[in-house]
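Values in this document were obtained by computation on a predicted structure and should not be read as measured data.
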Amino acid sequence: MHPRTAETLINQGFPKLNVAFAILSGVRSPYDTATQNRGGFLPDKPPPGITLRNSAVNLNTAVWRDNMAKSDIEIAREATMLPISEIAQKLDISPEGFKPFGHDKAKLTTDFINSVKGNKDGKLILVTAISPTPAGEGKTTTTVGLGDGLNSIGKKAVMCLREPSLGPCFGMKGGAAGGGYAQVVPMEDINLHFTGDFHAICAAHNLLSALIDNHIHWENKSGLDPRRITWKRVMDMNDRTLRDITIGLGGPGNGTPRESGFDITVASEIMAIFCLATDLDDLSRRIGNIVIGYTRDLQPVHARDVNAPGAMTVLLKDAFMPNLVQTLENNPAFIHGGPFANIAHGCNSVIATKTALKLADYVVTEAGFGADLGAEKFFNIKCRKAGLHPAAVVLVATARALKMHGGVAKDQLAGENVDAIKKGCENLGRHIRNLSQFGVPITVAINRFSADTDGELSAIREYCEQLDVKAFDCNHWGEGSKGTQEIAKHVAEVADSGQAQFHTLYDDDMPLWDKARHIARTLYGADDIIADKKVRDQFAKFETDGYGHFPVCMAKTQYSFSTDPALMGAPTGHEVPVREVRLSAGAEFIVVVCGDIMTMPGLPRVPSADNIHLNDEGHVEGLF
């Protein structure tokens, strides 16, 4: 928060102390001095001797050290990183096997990836979470902490994460590189342009958009009806004004006027294809299968009909190579691809995951948002399509988040409230029961905040014991691998035990409508799904057109099992309204859009971008 913003807020009547803490924390408003994060929690005011200062340090993701507050970015900046060649050596990757991006990032070459395909697979461990709240859960932080923990007890482990989107970085959520002492680095690069993968995906997507309009402008040999084009454009930024636009205005030389719009890049079908393709040939094949629209007699027109796959694959060939980075403890991590889990399938790339399994004994990966979205899609889409067999799943929860699910407002979270914890555990229990249906053993990671009480943590552990699930207190945010060694030992034992009997929630031959309804009833606690006749007819048409064997990708709010983001806990008896259904023929799934979910987010009243700037030394401030 800049001084000008602070002065305005004080003039509007906000308490000066709240504004002062907002300045210290770099948060979006004086209401948010303890807002969502990816790791531990500090008291709502600094310890004695801390001086408020005008810097973009996020209070709830800061570490009090040497009478100063250290933010995630400051911790990352102070890290002692090894040359990326030394990180590669830990995975037996020779210098010929990677392409360096500076001293601290690299991309694995296609030749190297092909050379290890015969290696034995390691054990795949999924990290997921309870339904997210503004109080924070810390899924990415826990993924990094668990990976570091496994390495610290002598296991050969690697992490597989998604790349952050610029939209949330400059919008509300922030980046996705972990937090505290459980981060992947270089944090600034990862959260901003990184190796350019998202730009390549955005360019490839928009090249197809341009080819479609050019195809219509000239001869339109495919007979594509401009009124029935389903392919939009994308950009990796939150901008609500671009959701619905009119293009082609200004006369015949500017193309055919028609309605269109933008989605955010992470909702692009190219992003989904990128993350599900097994090699460049598969990538090109899937791109060619994209349905871009329909003729007047409702026949599908594909991307291959406008000669798009070749050029698009060229744009994506370098991006398709997985990115290698390191944690603060110099352990290897792959970060590649980044679809959202509320509007897409929410998992990192198949090629990164499968390559990691050939290089390490344990691969720790994550899936976006809560287990009802990210984990469900990880199992039903990614594992189904890629032939993956997860050996264990870790479910992340925090006392603060459970108190919110128990009915406590965000500004009332301070102080012990065991009753709210017990009530909020209904959300945790629903996720545990949901995950158990996939046949993978579950462990609960309690991501500790310093304000948590022994009574609250005991209540969570006791609840898990009643469900025959072990729960571990984890303090990776403040202690790094030291804070996860206990859970790491347990998860390794579980993964090695052969307990997992993984299976998907539904079979390929189940009708599309029934797949969506089965998810809603089985995982969301809903009575049924509802839709108008037009949507039901679209389900039927996709069946008739030969797409009935596809899995469904549910697009809904991440904050609730229902489609009402305010309905927390574990609601039952509700209906899930299906507003729209979209074909992703290249990604090979059907997107079922529920409720008011948007594929192009908007910025909040006070976006994170307001607090991001370069300081006098040329360093980035305000990025979290």
Side-chain angles (χ1 to χ4, degrees), residues 26 36-40 56-58 60-63 70-82 84 87 101-102 104-106 127 129 132 136-148 158-198 236 266 322-341 346-349 352 364-369 396 447 476-478 480-481 484 608 611-612 619-624:
Q36 60 191 25
N37 62 59
R38 299 167 301 286
V57 176
N58 194 343
N60 67 298
T61 57
V63 179
K70 288 185 180 180
S71 66
D72 290 347
I73 196 170
E74 289 174 324
I75 294 170
R77 196 173 287 148
E78 293 174 0
T80 301
M81 287 188 285
L82 296 179
I84 198 64
I87 302 301
F101 272 65
D104 47 21
K105 303 180 292 293
V127 176
E137 290 71 50
K139 186 173 63 271
T140 304
T141 306
T142 303
T143 302
V144 176
L146 178 59
D148 280 340
V158 65
M159 288 133 276
C160 284
L161 305 172
R162 292 171 298 156
E163 299 179 50
S165 165
L166 291 176
C169 284
F170 291 91
M172 183 171 67
K173 179 179 176 291
Y181 288 94
Q183 294 189 58
V184 281
V185 286
M187 180 263 214
E188 294 172 52
D189 291 359
I190 292 168
N191 280 321
L192 295 175
H193 303 291
F194 200 23
T195 57
D197 293 350
F198 275 30
D236 193 33
V266 288
N323 304 300
L324 176 65
V325 293
Q326 62 190 290
T327 70
L328 292 175
E329 300 189 13
N330 308 125
N331 292 313
F334 291 116
I335 302 181
H336 199 223
F340 281 175
C347 307
N348 75 299
S349 74
V364 185
T365 190
E366 51 87 35
F369 295 122
V396 182
N447 184 17
H476 44 286
W477 178 84
S481 61
T484 56
S608 298
N611 303 314
I612 297 174
H619 296 151
V620 176
E621 296 281 4
L623 192 65
F624 67 96

Over all heavy atoms of both residues, which pair between Met81 and Pro186 is shortest? Give the atoms and the distance, please. SD-N, 4.0 Å
For Met159, which of Leu146, Asn331, Thr365, Ile335 qualifies under side-chain contact (heavy atoms from CB on, under 4.5 Å)? Asn331
Nearest heavy-atom neighbours spanning Gly178 and Gln183: C-CG, 3.8 Å
With a 4.5 Å heavy-atom cut-off, do Val266 and Arg162 have their side chains touching? no
Checking Val184, Asn348, Val127 against Leu161 for side-chain contact (heavy atoms from CB on, under 4.5 Å), the one that qualifies is Val184
If you apply the rule side chain to side chain contact (heavy atoms under 4.5 Å, CB included), what do you find for Val325 with Asp104, and how did you get there? CA-CA 7 Å; Val325 293; Asp104 47 21; over 6 Å; no
All side-chain contact (heavy atoms from CB on, under 4.5 Å) counterparts of Ala129, not counting sequence neighbours: Glu137, Lys139, Val396
Whether the side chain of Arg77 engages the backbone of Val620 through a donor-acceptor N/O pair (distance < 3.5 Å, no angle test) should be reported. yes
Note: Cys160 and Ala352 closest approach over all heavy atoms is SG-O, 3.9 Å
Indicate the atoms forming the closest heavy-atom contact of Pro322 with Phe334, along with that distance. CB-CD2, 4.4 Å
Just to verify, what does His619 make a ring pair (Phe, Tyr, Trp, His ring centres under 6.0 Å) with, not counting sequence neighbours? none
What's the verdict on side chain to side chain contact (heavy atoms under 4.5 Å, CB included) for Ile84 and Lys105, showing C-alpha distance, side-chain angles and the deciding distance? CA-CA 6 Å; Ile84 198 64; Lys105 303 180 292 293; 5.7 Å; no
Using every non-hydrogen atom in the two residues, find where Ala79 and Leu328 come nearest and quote the distance to one decimal. CB-CD2, 3.4 Å
Once side-chain contact (heavy atoms from CB on, under 4.5 Å) is applied, do any residues pair with Leu192, and if so which ones, sequence neighbours excluded? Leu166, Phe170, Leu623
Donor-acceptor contact below 3.5 Å, side chain Glu329 vs main chain Ser481: yes
Whether Asn330 side chain and Thr80 backbone form a donor-acceptor pair below 3.5 Å: yes
Within the 4.5 Å heavy-atom criterion, are His476 and Asp148 side-chain neighbours or not? no
Test applied, side-chain contact (heavy atoms from CB on, under 4.5 Å); reference residue, Met187; option that passes from Ile190, Asp189, Asn191: Asn191
Closest non-hydrogen atoms of Phe369 and Pro132, given as atom of the first, atom of the second and distance, are CD2-CG, 4.1 Å
Working to the nearest 0.5 Å, report the span between NE2 of His193 and CD of Glu163. 13.0 Å
